[in-house]
Colleague: 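Before we start, here is the structure in question, set down as structure tokens.
Throughout, protein chains are lettered first and strands after them, A, B, ... in sequence-line order, and every chain is numbered starting at 1.
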4 protein chains.
Amino acid sequence: MRKNRLEAFSDGVIAIIITIMVLELKVPHGEDMQTLVPLIPIFLSYVLSFIYLGIYWNNHHHMLHAAQTVTGPVLWANLHLLFWLSLIPFATGWMGENHFAAAPAALYGVVLLMAAIAYWILQQRIIASEGPDSMLKKAVGGDWKGKLSPLLYLAAIPLAFWWQWISLALYVIAALIWLIPDRRIENVLRSAGT
Amino acid sequence: MRKNRLEAFSDGVIAIIITIMVLELKVPHGEDMQTLVPLIPIFLSYVLSFIYLGIYWNNHHHMLHAAQTVTGPVLWANLHLLFWLSLIPFATGWMGENHFAAAPAALYGVVLLMAAIAYWILQQRIIASEGPDSMLKKAVGGDWKGKLSPLLYLAAIPLAFWWQWISLALYVIAALIWLIPDRRIENVLRSAGT
Amino acid sequence: MRKNRLEAFSDGVIAIIITIMVLELKVPHGEDMQTLVPLIPIFLSYVLSFIYLGIYWNNHHHMLHAAQTVTGPVLWANLHLLFWLSLIPFATGWMGENHFAAAPAALYGVVLLMAAIAYWILQQRIIASEGPDSMLKKAVGGDWKGKLSPLLYLAAIPLAFWWQWISLALYVIAALIWLIPDRRIENVLRSAGT
Amino acid sequence: MRKNRLEAFSDGVIAIIITIMVLELKVPHGEDMQTLVPLIPIFLSYVLSFIYLGIYWNNHHHMLHAAQTVTGPVLWANLHLLFWLSLIPFATGWMGENHFAAAPAALYGVVLLMAAIAYWILQQRIIASEGPDSMLKKAVGGDWKGKLSPLLYLAAIPLAFWWQWISLALYVIAALIWLIPDRRIENVLRSAGT
């Protein structure tokens, strides 16, 4: 039951974050198609962040599905993750409004990096609370995705000041890596007959 | 259980979309009834979009009620549908503020068309995940509504540049077609004794 | 199960409406206590609307608790109620910003009247779907509150153009009548041993 | 079942409050890192309020977990708590925009004090509804945290006009006291074998 409420609260926060981001896409003054042109970078950064939040929701869904108990530290590690996710609309809006300039592209990477670290901490807290037989631990295994993506963000942050399109390419690549749902967890759950 | 969380997240996103749309109805400066007059087109487009989102919520509710499993592709097809629905407040606001001008009326049709396609993809993903005995497949049957409404939106997009009121009439007609809840699904479920 | 999802969606919409209302309370420029003075009427109208939305949530909660089935017409009657509730932040903001002027005070009454009618329609739809043995029908009984409050709003609308403080007094009186939770429903449920 | 809906509604409201607060962090015009500098106090007050709302969500979660029944007065005491929490984004925004000036720092304390009182009233209402054998009553025990933190807020309000950094230090200290989840409730629940 306590897991349910943690899921419901996280779903609520992620649903709101994903939806208020669209408020950055301000209705233009003017009725021509041309008035939409300046919105294209804002729209593209919205698409990228929508995909990232979808990935987080998806993985969070899988991770908690495999989790068995919810302790105090898990609740706070979850709030810590939601905190960094809540900054995505700000970073997205700043990047979109400035047409992917260097500093906003770097800040976007900082927020993604902090969210990735917060996700990793949450995963560790759940595994720690479950002891050596943790189903989640088996499911996560080597966790190459969870190790590779922070490295990509870490590389993207300084690179943004050199040529920001490399950073953006790295953000898109990291998203593509995650777009494939975490079949490892599904497999372990299936073989456990759940 | 996993279906529950998908429903809860979708409910959350649709509830927020439907409610932030009302933020486009900005409080006017002035205390006379006359200051409300310029808000009439914004109000009317709000009513239309509220009905569309209500239809989507209603049909989504029925579709997932008939679904039995939730796979990775279903999760992503659902997020894809939510993405297009999240653009409805923007399209509504642009259309309302420009008093149903040609380009905004066409864009509104584009968003409705993409949402209809996304809904169809989600339906196909659920049916595919359930195999030949899919209860949803039987329930949907010929699906004339799902086939007719995208055609109406497709016709409305170019027609908006000729005479936008035709497009608007088509959007209203398509909404009326859907307002009747999907009795086919209810009937199949009832005869299956669920 | 279907009732659960209707409740969850309604809870989501009412929770968002109640919270976005606070966005009308804009952060003032200036750091003195005096800069808060112009916000007092906005704050007071926020308090009134918060109480009204609390009453609707509370009564909706009791009504659905007594309901047994959710049919298509019930789903749409519920969306119709949510539509009028979604206009409360607009009416509240207009009334607060214009310091309870005549037209905004009348519009506030119109929105409350329409919400009360929508609530009554929803109640009738649920009773109709349950047949002559409806537990909700017994619980509601004479429903003097449901009959009196629309009359109060109906009186308040024209009176606002004569002296708006009478209208406001009527809104406060109607809220006080409802603040007492619907013990009739609780009593019938309790005697039914639920 | 009724407890579930109360939790779901409270989760929804707290999730929205926590997320709309981030809207005060307005996207700056300008693409340099320097344009973020004026946002630092707004960001810091966002962090503090995020932690406070996290604490309230966490404690609310524990309190309702120990609660057994939900009566009318409990519903209203809960709405009363949500009302004061809904003012946190306003108080946070005002404090952040004015770089922790005296009056905003005092108002922040007023909102925290009212929320603490509302939380205490809710706790008393639940205990009262459960009678002398209330599990929550045993769990809460001496409740030194619940008694100390309102005193800290009460001291911080006048002190803000003398030197506001003392008030802020008191808000941070009160948050730190609460950050440790309420193990008392967990212990009683555990020993009750729930």
Colleague: Between C:A102, C:P104, C:G12, who has the most heavy-atom pairs with chain B when the cutoff is under 4.5 Å?
Modeller: C:P104
Colleague: Looking only at heavy atoms and a cut-off of under 4.5 Å, which of C:T92, C:N98, C:L79 has the most pairs with chain B?
Modeller: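 Among C:T92, C:N98, C:L79, the one with the most close pairs to chain B is C:N98.
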Colleague: So C:F9 and B:N58, side chain to side chain contact (heavy atoms under 4.5 Å, CB included) or not? Walk me through it.
Modeller: CA-CA 11 Å; C:F9 184 72; B:N58 215 326; over 6 Å; no
Colleague: Can you list the steps and then say if C:I20 with B:V22 is a side chain to side chain contact (heavy atoms under 4.5 Å, CB included)?
Modeller: CA-CA 10 Å; C:I20 62 170; B:V22 92; 4.0 Å; yes
Colleague: Need one label for B:L39: side chain, backbone, both or neither, based on atoms under 4.5 Å from any heavy atom in chain C.
Modeller: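 For B:L39, side-chain heavy atoms alone lie under 4.5 Å from chain C.
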Colleague: Determine whether B:E7 and C:N4 make a side-chain contact, defined as any pair of heavy atoms from C-beta on separated by less than 4.5 Å.
Modeller: no
Colleague: Can you tell me which of B:I55, B:L53, B:I51, B:I18 forms the most heavy-atom pairs within a distance under 4.5 Å of chain C?
Modeller: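 Option with the greatest count: B:I55.
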Colleague: Write out, in numerical order, the residues from residues 154-166 of chain C with a heavy atom short of 4.5 Å from a heavy atom in chain B.
Modeller: C:F161
Colleague: Could you walk me through whether C:F83 and B:V47 pass the side chain to side chain contact (heavy atoms under 4.5 Å, CB included) test, one step at a time?
Modeller: CA-CA 8 Å; C:F83 175 77; B:V47 173; 3.6 Å; yes
Colleague: Pick whichever of B:D32, B:I16, B:V27 has the most heavy-atom pairs under 4.5 Å with chain C.
Modeller: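 It is B:V27.
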Colleague: Minimum heavy-atom separation for B:E31 to C:A103, with atom names?
Modeller: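 That closest heavy-atom pairing would be O-CB, 3.2 Å.
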Colleague: Would you say the side-chain atoms of C:W94 pair up with the backbone N or O of B:G30, donor to acceptor, closer than 3.5 Å?
Modeller: yes
Colleague: Should C:V70 and B:H61 be marked as a side chain to side chain contact (heavy atoms under 4.5 Å, CB included) after you check the CA-CA gap, both sets of side-chain angles, and the distance that decides it?
Modeller: CA-CA 12 Å; C:V70 172; B:H61 175 105; 5.7 Å; no
Colleague: Between C:L87 and B:Y46, is there a side-chain heavy-atom distance shorter than 4.5 Å?
Modeller: yes
Colleague: Looking only at non-hydrogen atoms, find the nearest pair between C:S86 and B:F50 and report the distance.
Modeller: OG-CE1, 4.3 Å
Colleague: Working to the nearest 0.5 Å, report the span between CH2 of B:W57 and CG of C:L82.
Modeller: 8.5 Å
